[in-house]
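Just so it is clear, the model here is predicted, and its values are computed rather than measured. Residue numbers run from 1 in the order of the sequence given.
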Amino acid sequence: MEAKNQKQEHTGSYYAATANDATDYAVLKGNVSADVCVVGGGFTGVATALTLAERGYSVALVEANRIGWGASGRNGGQLINGVNGHEKIVRKHGPGTDDILWDLGWRGHEIIYERVEKYAIDCDLKAGFVYAALKARQVAEIEALAENHARRNFPHPHEVWDRHRTQEMLGTDAYLGAFANYRDGHLHPLNLCIGEARAAAALGASIFEQSPVVDIEHGPRPRVITQAGSVQADAVVLAGNAYSRLEQRRLSGLVFPAGSYIIATEPLDERTGRRVNPADVAVCDLNEVVDYHRLSADKRLLYGGACNYSGRDPTDIKAYILPRLLKVYPQLRGGRIDFQWGGMIGIVPNRIPAVGRIDGNIYYCQGYSGHGVNSTHVMGEIVADAIGGTLEKFDLFAEMKHLRLPGSRWLGNQLLALGMLYYKLKDRL
């Protein structure tokens, strides 16, 4: 759930309960100097900090709560290719950017696979992801995905499943077909985030937790001010996403928090696990408002979705999500639900990540609209490039126009929810 006050520990998620270790970085006290100050300890902030540390920058990262406290440590753990807004960015910048964006859409995977191996990060990383069709018209989307991969000579295993194969591989007759990709995959997001933070710290990055930022003083070397200290740096990276309230004059109305919710069953016995998902792949349907599921390392079914755009949380997450799970897997009726949790993801009305600079030295990147595991790592590298003076990829996103919804964040959420009614109705047709 969204924090009403700062300085909070992790939510009661399956991920928090199975984290490799608990972070306990110091609270920022006194004044610190660095080349770059990163605000936010989720994937964007940690990925950026690690990239910069690998390149020899001195980095100070400040997090209001704990590393991976927000969506980065609570999400579905699905590693999905692509950066949202591909087609719109190509229309803006021309067809020459199509291949660039396609390659960028896979760059986050490369970074994650490389870091998991290089830094020995135990995060249950496993290849295999499936887009599943719930409706006949979505079968055409599967065929288009396959054609696009073939046209680009995609080098990794991928295949189309017909209805029978889909039922066999996913243990349900809810889907009419599927596209399976074995470069995409799934992982334990909190353990990945914590592992990358440990790697950044080992390279010399200073990480501070329980240190919410209260203000930023602009200037040639901006000063990031917390309740008990400050960081002065040549550049600042704002990586707070759905929970950020900084720089409202420039950033308000761009990104809105939408609730996403997950439940985790008890560990399934071996026979049930094989029936439900024998290939151990992550699954996402092709609706506009998606549901997604996968097996955890200890064979729980993690099932999430039903994204709530109004900003209001359900009073009972299990009651909200369980009927959706049972519609796909009625054979799990009567099983125990061990975990239920939610959190906020950053939604941009036009679905293009909000990327840019303020006064030339305060960078921001946020709003991945539910596809953040891959995209955050792409953006971490792009922002690090921009800080180093290479802006070509950064500007592909920074030059995109965004609709800024008027009024308060609450009003913006209601307008966003109203707009999403069209897509929810479309999903039901």
Quiz item: Side chains of N374 and H109: is there a donor and an acceptor less than 3.5 Å apart?
Solution: yes
Practice problem: Return the set of residues passing side chain to side chain contact (heavy atoms under 4.5 Å, CB included) with T18 (not counting sequence neighbours), or none when no residue passes. | Solution: Y14, H188
Quiz item: Is the distance between the ring centroids of F43 and H377 under 6.0 Å?
Solution: yes
Quiz item: Does D124 come within less than 4.0 Å of K126, counting only side-chain N to carboxylate O?
Solution: no
Quiz item: Backbone N or O of T44 within a donor-acceptor pair of the T48 side chain at under 3.5 Å?
Solution: yes
Exercise. Under the side-chain hydrogen bond (donor to acceptor under 3.5 Å, both in side chains) rule, what do D98 and H86 come out as? Steps first, then yes or no, please.
Key: CA-CA 8 Å; D98 182 55; H86 183 125; 2.7 Å; yes
Exercise. Inspect the surroundings of CD in E114 and state if more than 12 heavy atoms from other residues, nucleotides or ligands are less than 6.0 Å away.
Key: yes
Self-check item: Member of V281, V283, I80, N81 meeting the side-chain contact (heavy atoms from CB on, under 4.5 Å) criterion with F129
Solution: I80
Quiz item: Between T23 and E209, does any side-chain donor sit less than 3.5 Å from a side-chain acceptor?
Solution: yes
Quiz item: If only atom types and distance count, is the side chain of N20 paired as donor or acceptor with the main-chain N or O of D122 below 3.5 Å?
Solution: yes
Self-check item: Donor-acceptor contact below 3.5 Å, side chain W161 vs main chain M169
Solution: no
Exercise. Return the set of residues passing ring-ring contact (aromatic ring centres under 6.0 Å, His included) with Y175 (not counting sequence neighbours), or none when no residue passes.
Key: none
Quiz item: Does the ring center of W106 lie less than 6.0 Å from the ring center of F154?
Solution: yes
Exercise. Verify the distance criterion only: is there a donor paired with an acceptor across the side chains of Q340 and Y320 at less than 3.5 Å?
Key: no
Quiz item: Do N181 side-chain atoms and H158 backbone N/O form a donor-acceptor pair below 3.5 Å?
Solution: no
Practice problem: Using modelled atom types only, decide if a donor and an acceptor are shared between the side chain of H149 and the backbone of P157 within a distance under 3.5 Å. | Solution: no
Practice problem: Give, for atom CG of L302 and atom CZ of R294, the distance between the pair rounded to the nearest 0.5 Å. | Solution: 5.0 Å
Self-check item: Crowding at NZ, K88 (>12 non-hydrogen neighbours, <6.0 Å)
Solution: yes
Exercise. Examine distances only and state if a side-chain atom of N287 and a backbone atom of V290 form a donor-acceptor pair shorter than 3.5 Å.
Key: no
Quiz item: Is a side-chain donor-acceptor pair under 3.5 Å present for R91 with T97?
Solution: no
Quiz item: When you measure from the side chain of S211 to the backbone N and O of F208, does any donor-acceptor pair fall under 3.5 Å?
Solution: no
Quiz item: Is the backbone N or O of D35 less than 3.5 Å from a side-chain atom of S58, with the two atoms forming a donor-acceptor pair by type?
Solution: yes
Quiz item: Under the side chain to side chain contact (heavy atoms under 4.5 Å, CB included) test, which residues partner D269, sequence neighbours left out?
Solution: R271, T272
Quiz item: Taking E63 for the side chain and G41 for the main chain, is one N or O donor matched with an acceptor at less than 3.5 Å?
Solution: yes
Quiz item: So, do H10 and Y15 have ring centers that fall under 6.0 Å from each other?
Solution: no
Quiz item: Say you draw a straight line from CG of D385 to OG1 of T51; how long is it, rounded to the nearest 0.5 Å?
Solution: 8.5 Å
Exercise. Ignoring hydrogens and angles, tell me if any N or O in the side chain of N148 forms a donor-acceptor pair with the backbone of L145 under 3.5 Å.
Key: no
Self-check item: Between Y363 and F394, ring centroids under 6.0 Å
Solution: yes
Quiz prompt | Donor + acceptor pair across side chains of N361, R357 (<3.5 Å) | solution = no
